There are 2 protein chains.
Amino acid sequence: MRPELLKGHLDGLLLAVLEPHPLHGYAVIDAVRSASTGAFDLPTGTVYPALHRLERAGLIVSEDEVVGGRRRRMYRLTAAGVAALSQQRTIWHQFATAVDAVLGRTPWPATP
Amino acid sequence: MRPELLKGHLDGLLLAVLEPHPLHGYAVIDAVRSASTGAFDLPTGTVYPALHRLERAGLIVSEDEVVGGRRRRMYRLTAAGVAALSQQRTIWHQFATAVDAVLGRTPWPATP
DNA sequence: TCACAATACTTTGCAACGCTACATATAAGC
DNA sequence: GCTTATATGTAGCGTTGCAAAGTATTGTGA
């Protein structure tokens, strides 16, 4: 999967996996990979800066905790994050519908 | 619609509207807008460089013509372009499916 | 006739963003 | 002791869509 495709869509994915319950960065990567059944295997250099960005934007907040001697930074959605996620879903739906319309909805090998 | 969302997806859209028959740049903009029912209103500064990129990549070829005293650069798909379009549709389908899976498929206002 | 809109193409420079690569540290398993 | 897994972080790069500005022609309306 070409990496640039994610541009602009990553934030929504991160917010979505944080929705049910808080997670730390490493677990976020696992959650996205698992939820996408392996399609998105995000590198740490993508996820950590993105989480920092979301925190600066006030959509998530973090709290350090130590589990098994290892430091973890747990992130959870703020109210603004919940709202942003809802909006992201709407935007994604509109976007996907529009792309589908232009591409002609024939993702299979060849359907003349 | 946030503009960066298109990143990585633009080429597919352009190839798709060029599939049925050749078009010139300005007509490509119209075709994308119309096919997306207004969702994508691409600026010229986006489309013309993208067409040049696709031509450099060998996916389309251009030919100058003059209609009503105005010069037009008509673009049409090459065989490589047709193949690339087919591949783009597959990739888009995989990508959209994966995003849908992570976002949880609830693009509506609120469905608890 | 003169101004303006529509058609048609081009280029410069920017900003955003995800990625690669690297660095650091602890715990567990062999 | 060494490797692997867990866990976080940063610097710098490359791609790419966009805003803004410019050029040129045709058609239209005052």
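Everything numeric here is computed off the predicted structure, so don't read it as measured data. A, B, ... follow the sequence lines: proteins, then strands. Residue 1 opens every chain.
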- Would you say Arg72(B) reaches dT25(D)'s phosphate, i.e. side-chain N/O to OP1/OP2 under 4.0 Å? no
- Message: Please give me the minimum heavy-atom distance between Phe40(A) and Ala98(B), naming the atom from each residue.
- Response: CE1-CB, 3.4 Å
- Message: Between the base of dT10(C) and the side chain of Thr44(B), is one N or O donor paired with an acceptor at under 3.5 angstrom?
- Response: yes
- Note on the structure: Leu54(A) atom CG is separated from dA16(C) atom P, nearest whole Å, by 15 Å
- Item | Phosphate OP1/OP2 of dT10(C): any Tyr48(B) side-chain N/O under 4.0 Å | no
- Task: Figure out the CG/P separation between Leu10(A) and dA16(C), and round it to whole Å.
- Result: 16 Å
- Item | For atom NZ of Lys7(B) and atom P of dC18(D), their distance in whole Å | 8 Å
- Below 4.0 Å: OP1/OP2 of dA16(C) and any side-chain N or O of Arg53(A): no
- Message: Please classify the nucleic acid contact of Gly45(A) as base, sugar-phosphate, or nothing, using heavy-atom distances under 4.0 Å.
- Response: base
- Message: If I take atom CD from residue Glu55(B) and atom CZ from residue Arg73(B), how far apart are they, to the nearest 0.5 angstrom?
- Response: 6.0 Å
- Which distance, rounded to the nearest 0.5 Å, do you find between the OH of Tyr75(A) and the CG of Leu59(A)? 13.0 Å
- Remember a base hit wins even if backbone is also touched, and classify Arg70(A) as base, sugar-phosphate or nothing at under 4.0 Å, heavy atoms. base
- For Asp11(A) and dG18(C), give me the distance from atom CG to atom C1', rounded to whole Å. 11 Å
- What integer distance in Å separates Leu42(B):CG from dC18(D):P? 6 Å
- Message: Rounded to whole Å, please give me the gap between CG in Leu51(B) and P in dA8(C).
- Response: 14 Å
- Whichever of Pro49(B) and Thr46(A) has its nearest DNA chain C nucleotide further upstream toward 5': Pro49(B)
- Look at His52(A) and dT8(D) and indicate whether a side-chain polar atom (N or O) is within less than 4.0 Å of OP1 or OP2. no
- Message: From OH of Tyr75(A) over to C1' of dA7(D), roughly how many Å is that when rounded to an integer?
- Response: 11 Å
- Quickly work out the Met74(A) CE to dA7(D) P distance and round it to whole Å. 10 Å
- Which residue lies more 5' along DNA chain C, comparing Gly68(A) with Asp41(A) via nearest heavy atoms: Asp41(A)
- Do side-chain atoms of Thr90(B) reach the backbone of Ser86(B) as a donor and acceptor pair under 3.5 angstrom? yes
- Message: For the CE atom of Met74(A) and the CZ atom of Arg76(A), what is their distance to the nearest 0.5 Å?
- Response: 10.5 Å
